[in-house]
Every structure is written in C-alpha cells, then in structure tokens.
Trainee: 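My structure is below; once you've seen it, I'll send some questions.
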Amino acid sequence: METETLKKTKTETTTMSGSEALVHCLLAEGADLIYGYPGGAIMPFYDELHKHQDKLRHVLTRHEQGATHAAQGFARATGKVGVAVATSGPGATNLITGIADAQIDSTPMVCITGQVGSHLLGSDAFQETDIIGISTPVTKWNYQITRAEEIPEVLAKAFYIARSGRPGPVLIDITKDAQFGELEYAYQKCTQVRSYTHTPQIEQEALEAAAKAINAAKKPMIVWGQGVLLGEAETEFKDFVEKSGIPAAWTILGVSAIPTEHPLNVGMVGMHGNYGPNVLTNECDVLIAIGMRFDDRVTGNLETYAKQAKVIHFEIDPAEIHKNVTADIAVLGNSKESLAQILPLIEKKSHEAWHQKFKDLYQIEFDKVIKNDINPTKEGLTMGEVIVRINKQSNGDAIIVTDVGQHQMIGIRYADFKQSKSNITSGGLGTMGFALPAAIGAKMGAPDREVVAIIGDGGYQMTIQELGVILQTGAAVKIVVLNNEFLGMVRQWQQLFFDKRYASTDMQNPDFCKIADAYSIENQRVTAREDLDEAVQKMMASPNSFFLEVMVEKEDNVFPMIPTGASVSDIRLE
C-alpha cells in the first residue's frame, strides 16, 4: 500500500537504521513516555531504545494489554497521544482489547508492533500473525512497514491521524528487516492527508437554525459527552450552558467538563444515571446533544427516546449524525469552534420552572436511593459511602479511574469533579481490567495530581500483574478495591431478571493485602464503618502507592436502573 502525499517542509537527511529512525520519529512527535513489552520481532527497536533512554522513557508492563490501557490512561489524563509497543504474534494480538477500547472511546493512541522479516510474510513463520487484518476493524488507520525508508512518513501520518478530528488508535506493524535496514532520515510532521477530512466545516445556516430552536425552547435539555473534553471546549461549553440557562446532563465519558457542583449540572443520563435527566429526556421540547453518540446505554429503547423533542446534534464525526437518533438540526464541526460561534446567537435565559422539575425528581431519587448509598443505616458498608470519604480527602481534585461494573457506576455517580480530565473509565467497550494499568498511565501523565483507581474484586484480578509496574517505577497510585465477593453487576442482573440464579458470579478471592505486601505496596483492609475514615485519610495522605480493600455488602444493587430494552422513562429506583 502506498502512503498518501503529505505536506512537507525541507529538512536535512542523516543515514541511520530503521530502529533509530523510529526512536527519532517518536521524539519528533513529542513522545517521551511509552509502554510496552519486548520480544524477538521488535528487539532491534528495543536495542536502539536502550541507547536513548534518557530522552524516551519506556515502561515495562507485565502484559501487552496493560501497555494499551496505560497508554490510554496517559492519553486521557494529558490529551496527548499514548504509545504502546509489542512484538509480533501473541504480543500484537494481546494489544487488541486495548485498541478496541480506544477506538470506541475515541482515545488517541499509536501502537507499534514488530513483525517477522518481510521475506517470511505469509509463510506462517514463528510468531507471525496478520495483525493488520486482525486490527483493521478496531483502528482508525493501520499500516505495515516493510522498508526502512517508509518509517518517517508513516509515523508522521500515524500521529496526525491518531490525534486529529475525532481521535482514535492507529497501529503500525514494522517488519524486522525494516528495523535493521538503513535510510536517509528526514522528518516532516504531517499536516494533511489526501482524502482525509478530519474536521467538517461549520455551516452558518446550521448554527442559525440551532440558535433559533434553542431560543424558542420552553423545556430545553443538554446532554454532553466526551467530545467537549476532546475538543478542549470546556470554557466555551460552560459559557454556552450559563448563557442559555439550560439544564445539562452528561454521559459517563463527558463528566468533569464542568464541575460536579455547577448549578446547571443535573447529573448523568443512561442505564444507571440520575432519575431526573432520564425521565425528562422524554419531556423536553429541544434536546441538544454535544459531542456524544447516542449510545444504547444512554438512549434505552430508541423507539421511545425523545420522540417529542427537536434534536440538535453538535458532532465532529459525520458518521454519528442520524446513526442512532435522527437529528432535526446537525451542527458539524469541532465543539470548541461550534460553541464559540453559536454563543452570540443565543439569548440569555434561566428556565426556572423547568429547572424545578429536575430538582423535584432529584429529591425523589435522594430519598429512595442516594441517602441510602452515601449515608446508610444498615450495618454493612456501601460503595457510595467509600466514594464520599474519598471526595472529602481529595476535595474533588483527584483523577478518578474506574474499572467496569457496579463500582464504576457508583464511583462516577458520586465522585466530585472540579477539574477537567478527571474521570477515566472504559465506556463503550466496558473492559474489565482497565482501571489498574490506566491509573498507572494517568499518574505518569499527571504526576502532580492524585490518582485513585476504583476497582471491583473481579476486574482487579484481570490485570493484577500490573502491580509489578508500581513496584518497578514507584508510581504513586491509590488503589481501592470494593470487594463484594461477586461479579457484582452480572449478579445484580441475575437477581432482577434471572430469578436469583447466581451462575458463575460468586468469587472466592485471594488475600489481596498479602499480594500488595508482595509488591511492597502499603495496604489496609476495612470491614467496619468505624475504621473507614481513618483508612481513607491514611491512603490519601501517603506519598506512595497504597492499596485499600473495603469489604462491602455482597448483594447491594445499583439504582436507578433502566432495564435493557426499556424506555428512559421506565427507569427504576428499586
């Protein structure tokens, strides 16, 4: 496959090996921290990397999947492109889960895999796998390099595609002979790729139509997603929300774009979101979706979703327009630019009576659900009260990294967020095992911020080997395992929809504190409420990594909940 024409600037050339060129390309793109695991097909690169370790730090993860999740955590905490490296065959295939996760959650990442020599391609050589074919459905772009001279141009293109427009993962597969081969190295950053338009032109007509509908609305509602964060549109979004006076709800990937306590922030939409914004989705007259893709966990039954509302969709990716929900008005473009341009066109309003409806429904949810989650009267500990104690110690300034399951929903619902890029989770793919390596990547990307990983006992054991990275690097991640000795979310469904047949969800766990001891991580187990405050305070005050296991109620459920296939209006509080 020939690479497309790139815009270039004149540079001088130097003769070097493909491996050395690869290192220089990474440095030219601003990469100074990468995650990976060496092997035979990528060994030439690692040999060269060793010579440049003062400029390009490599972190040895304990599994290639851990490398991708760490790169994701780094990217989500910093806004930069994460980099993961693996060898051929099983090394490359072990990256796929993290790549798929990055694809659906729009995380900029470049994955580099070694490959057998080009003369062996297609011969079923040792550790040969068609990683290009395997990764095609879950990458924004991929390419196999077989000649050393291709490396600079392809790497420049890889980083450009990964970070531009709607971000995503790119995979570059490099044969071993291309790493050994020589080239005249010159690097030009990519600024354009033929036939690739990463950001649509904003149409004034669409902006005016959207503004007219917003100004005429009596019961408007905003649902925002990660597009606000990816577009670095937090300031413009806040200005838009405050001038329009419109209640604003978030998807799990959008949270932290504005502070949790902002008076116009009405909570989370979706399967385990807040009662008010879910119910009132089907009562609003104008629904303004900003940087979100109408995922099925947000919409519930599409046949009944917001049918009464005029839908305005602000979106950078044309493929998302009309994909799940038909938009009456589509505003294509980067959210930062779109919101800045529409702001002068909208009228300043307050919508006080409409806001009161959200407040009334919040009170119902508080009385039936929230107060029992965060201030329980029963003997057993709840996940919610643990999150509240963490909020108290972090003052809402921590990066909260959640795994997937009940603890994820509780963690995101009850965490306080004061800063942008403070919530990191696996949204679209729902990858158990995500949190521990992602938290390590986030801490390395944002060393001055406290990073707290909230994990269930099931997901923790899927990537528990990444504790070795903490041992080797000293990354000061705070790890909280909320242990209910179940695969909690699956068990909840079994209780509610499968007559309490708890098939293969009961967990017999090891002594997690002894495991933490083995990795030289300070730790504590909490089984009683009177010990919780002191333990959380001790964890958050530690300058080093800390493992906290909290034994919580085994059969607590997460509510509210929209049953699969139900309308958002049918959200259950019990």
Trainee: Going by salt bridge (Lys or Arg N to Asp or Glu O under 4.0 Å), name the pairs with one or both residues in residues 323-340, residues two or more places apart or in two chains.
Mentor: Glu236-Lys336, Glu320-Lys323
Trainee: Taking only Lys NZ, Arg NE, NH1 and NH2, and the carboxylate oxygens of Asp or Glu, determine whether Lys538 and Glu534 approach each other closer than 4.0 Å.
Mentor: no
Trainee: Is a side-chain N or O of Ser335 found less than 3.5 angstrom from the main chain of Gly227, in a donor-acceptor match?
Mentor: yes
Trainee: Parallel, tilted or perpendicular, judged at 30° and 60°: which one describes the rings of Phe497 and Trp493?
Mentor: perpendicular
Trainee: Less than 6.0 angstrom separating the ring centers of Tyr35 and His69, yes or no?
Mentor: no
Trainee: Between Glu234 and Ser420, does any side-chain donor sit less than 3.5 Å from a side-chain acceptor?
Mentor: yes
Trainee: Distance only, no hydrogens: is a donor on one side chain within 3.5 Å (strictly under) of an acceptor on the other, for Ser567 and Thr304?
Mentor: yes
Trainee: With no hydrogens and no angle check, do the side chains of Asn265 and Glu261 hold a donor and an acceptor under 3.5 Å apart?
Mentor: no
Trainee: Whether the Glu549 and Asn523 side chains hold a donor-acceptor pair (N or O, under 3.5 Å, no angle test) is what I'd like checked.
Mentor: no
Trainee: Salt-bridge test for Arg449 and Asp397: reply yes if a basic N is under 4.0 Å from a carboxylate O, no otherwise.
Mentor: no
Trainee: How about Tyr414 and Asp373: does a side-chain donor come under 3.5 Å of a side-chain acceptor?
Mentor: yes
Trainee: Do Glu283 and Lys357 sit within salt-bridge range, that is, some charged N less than 4.0 Å from a carboxylate O?
Mentor: yes
Trainee: Please find the pair of heavy atoms, one from Gly430 and one from Val404, that lie closest to each other, and give the distance.
Mentor: C-CG2, 3.5 Å
Trainee: Hey, what's the ring geometry for Phe358 with His355, parallel, tilted or perpendicular (30° and 60° as the breaks)?
Mentor: tilted
Trainee: Under 3.5 Å, is there a donor-acceptor pair between the Asp101 and Gln72 side chains?
Mentor: yes
Trainee: Between Asp416 and Lys392, does at least one N-O distance fall below 4.0 Å, as a salt bridge requires?
Mentor: no
Trainee: Salt bridge between Asp295 and Arg297, side-chain N to carboxylate O under 4.0 Å?
Mentor: no
Trainee: Which residue, Val83, Ile440, Val81, Leu33, forms the side-chain contact (heavy atoms from CB on, under 4.5 Å) with Phe74?
Mentor: Leu33
Trainee: So, does Asp403 use its side chain to make a donor-acceptor pair with the main chain of Phe434 at under 3.5 Å?
Mentor: yes
Trainee: Verify the distance criterion only: is there a donor paired with an acceptor across the side chains of Thr251 and Gln226 at less than 3.5 Å?
Mentor: no
Trainee: Quick one: do Asp285 and Lys218 make a salt bridge, cutoff under 4.0 Å?
Mentor: no
Trainee: Do Gln537 and Asp533 have a side chain donor and acceptor closer than 3.5 Å?
Mentor: no
Trainee: How close do Ala102 and Met109 get, heavy atom to heavy atom, and via which atoms?
Mentor: CB-CE, 3.7 Å
Trainee: Cut-off 3.5 Å, side chains only: do Asn484 and Gln406 have a donor facing an acceptor?
Mentor: yes
Trainee: Just grab all the ring-ring contact (aromatic ring centres under 6.0 Å, His included) pairs involving residues 538-560, residues at least two apart or on different chains.
Mentor: Tyr460-Phe547
Trainee: Between Lys478 (side chain) and Ser545 (backbone), is there a donor-acceptor pair under 3.5 Å?
Mentor: no
Trainee: Would you tell me whether Asn557 and Gln495 have side-chain atoms, one donor and one acceptor, within less than 3.5 Å of each other?
Mentor: yes
